[in-house]
Amino acid sequence: MKKLVFLMGMILFLAACSNSRLEPKPSYGNQVSEFKATDEDGKMFSSQDMKGKVWLADFIFTNCETVCPPMTYNMTQVVDELEKEGVKDYGIISFSVDPKRDTPAKLKAYSEQYGAKTDNWKLMTGYDEKFIRQFGEENFKTIAVPPTAGNDQATHGTSFYLIDQNGTVIKDYIGKDTGDQKFPKGEIVEDVKTMIKEGPYKK
C-alpha cells in the first residue's frame, strides 16, 4: 500500500514538473529563419546573435499613428519589470515594417522617445519590403505589410512573441489591451523568467 501511495505521488510530481515547462503553442514550434539586418546603431545584427538568450519580438514602425505607441509603451513596462527583478539573458527585438523610411537614426530616436533600454532592445531595419512581409508570415503567422503608395501607414499584427534560446517560437501574447482582454504584462514577465530558468524547449 505504501509503495502504491509513493508511486502515485511520484507520478503526480513528475506530471506537475512536465506541465510547468513552456511548450510551443500549436501554431508555433518553428525556428526563426536566418536573417541579417541593421540595428538602431547602424550595426549588423543577425539571427545568430539571438542564440543563447530568451527574446520577445514584435513588429512596429516609427511613423505609426495607431497601435505602435501602446505596444511600445507596454514593451517598455515589461522591460522595466525584468530589469527591476534583475533578470538577465533576455532581449527584445522589434522589426520595422517600414524599412524604407525607418533608418537606424529614426529607430534610435524612436527607442529613446519611449525610454527603451537599447542594451537589450534591438530595433531592426535594412531589409526590403518583400523580406519583412514573408518573414512575418512564415515565422510568426502574422501580417507585415509596408505602406503603399499614397499611404504612409503600414499594416501589421499587434502580438508579442516569445522565442527561446535556440530560436524556437514558443507562443504569442496580445501587445495591447483589446476589448475586454488586458495586456498580460505579468504573464510575459513570468514566462521569460521561466524560459531562462528551464532552458530552451526540448521535443
Is there a continuous path of hydrophobic side-chain contacts, each under 4.5 Å between heavy atoms, that joins Ile163 to Leu123?
no
How does the hydrophobic cluster around Ile174 look, that is, which other residues are in it when side-chain heavy atoms under 4.5 Å mark a link?
none
What residues, two or more places apart in sequence or in another chain, satisfy ring-ring contact (aromatic ring centres under 6.0 Å, His included) together with Phe160?
Phe183
How would you list, by chain and number, every residue that makes a side-chain hydrogen bond (donor to acceptor under 3.5 Å, both in side chains) with Thr103, sequence neighbours excluded?
none
Minimum heavy-atom distance Thr38-Gly126, with the two atoms named
OG1-CA, 4.1 Å
Among residues two or more places apart or on two chains, list those pairs meeting salt bridge (charged side-chain N to carboxylate O under 4.0 Å, His left out) that have a residue in residues 92-114.
Asp41-Lys108, Asp98-Arg101
Residue set satisfying side-chain contact (heavy atoms from CB on, under 4.5 Å) with Glu187, at least two apart, ordered chain then number -> Lys171, Tyr173, Pro184, Asp191
Group every Ile, Leu, Val, Met, Phe, Trp and Tyr by side-chain heavy-atom contacts under 4.5 Å, then state whether Tyr201 and Met50 land in the same group.
no
Once side-chain contact (heavy atoms from CB on, under 4.5 Å) is applied, do any residues pair with Lys53, and if so which ones, sequence neighbours excluded?
Trp55
Flag yes if more than 12 heavy atoms outside Lys43 fall under 6.0 Å of its NZ atom; otherwise flag no.
no
Applied to residues 151-164, the side-chain hydrogen bond (donor to acceptor under 3.5 Å, both in side chains) test, sequence neighbours excluded, yields Asn63-Asp152
Quick one: closest heavy-atom pair of Lys36 and Ser46, and the distance?
CG-CB, 4.0 Å
Kindly work out whether a path of hydrophobic side-chain contacts (I/L/V/M/F/W/Y, heavy atoms less than 4.5 Å apart) joins Tyr28 to Leu162.
no
Name all residues meeting the ring-ring contact (aromatic ring centres under 6.0 Å, His included) criterion together with Tyr110; count only those two or more places apart in sequence or in a different chain, and write none if there are none.
Tyr114
Taking Phe140 as the starting point, is it possible to reach Met124 by hopping between hydrophobic residues whose side chains are less than 4.5 Å apart?
yes
In a table with atom names and distances, give each donor-acceptor pair under 3.5 Å that connects a side chain of residues 81-94 to protein atoms at least two apart or in another chain.
unit_1, atom_1, unit_2, atom_2, d
Glu83, OE2, Tyr90, OH, 2.7
Glu83, OE2, Asn120, ND2, 3.0
Glu85, OE1, Lys193, NZ, 2.5
Tyr90, OH, Asn120, ND2, 2.7
Ser94, OG, Asp58, OD1, 2.6
Ser94, OG, Trp121, NE1, 3.0

Pick one: which of Lys202, Lys203, Gln31 meets side-chain hydrogen bond (donor to acceptor under 3.5 Å, both in side chains) with Thr168?
Gln31
Side-chain heavy-atom pair Phe61, Cys64 within 4.5 angstrom cut-off:
yes
Which heavy-atom pair separates Val54 from Met195 by the least distance, and what is that distance?
CG2-CG, 3.5 Å
Can you measure from CG (Asp177) to CG (Asn74) and round to the nearest 0.5 angstrom?
6.5 Å
Scanning both residues in full, the closest heavy-atom pair of Ile132 with Ala144 reads O-CB, 3.5 Å
Shortest non-hydrogen contact from Thr142 toward Gly157
OG1-CA, 3.4 Å
Contacts of Phe131 meeting ring-ring contact (aromatic ring centres under 6.0 Å, His included) (sequence neighbours excluded), chain-then-number -> Tyr127, Phe135
Under the side-chain hydrogen bond (donor to acceptor under 3.5 Å, both in side chains) rule, collect the residues that match up with Arg133, sequence neighbours excluded.
none
Might you point out which heavy atoms bring Met71 and Phe59 nearest each other, and give the distance in Å?
CE-O, 3.6 Å
Determine, using the 4.5 Å side-chain heavy-atom cutoff (strictly less than), whether Val189 and Ile170 are members of one ILVMFWY cluster.
yes
Could you tell me the separation between the NZ atom of Lys176 and the CD atom of Gln181, rounded to the nearest 0.5 Å?
10.5 Å
Mind checking what makes side-chain contact (heavy atoms from CB on, under 4.5 Å) contact with Asp180, not counting sequence neighbours?
none
Using side-chain heavy atoms (C-beta onward) and a distance below 4.5 Å, is Thr62 in contact with Ser96?
no
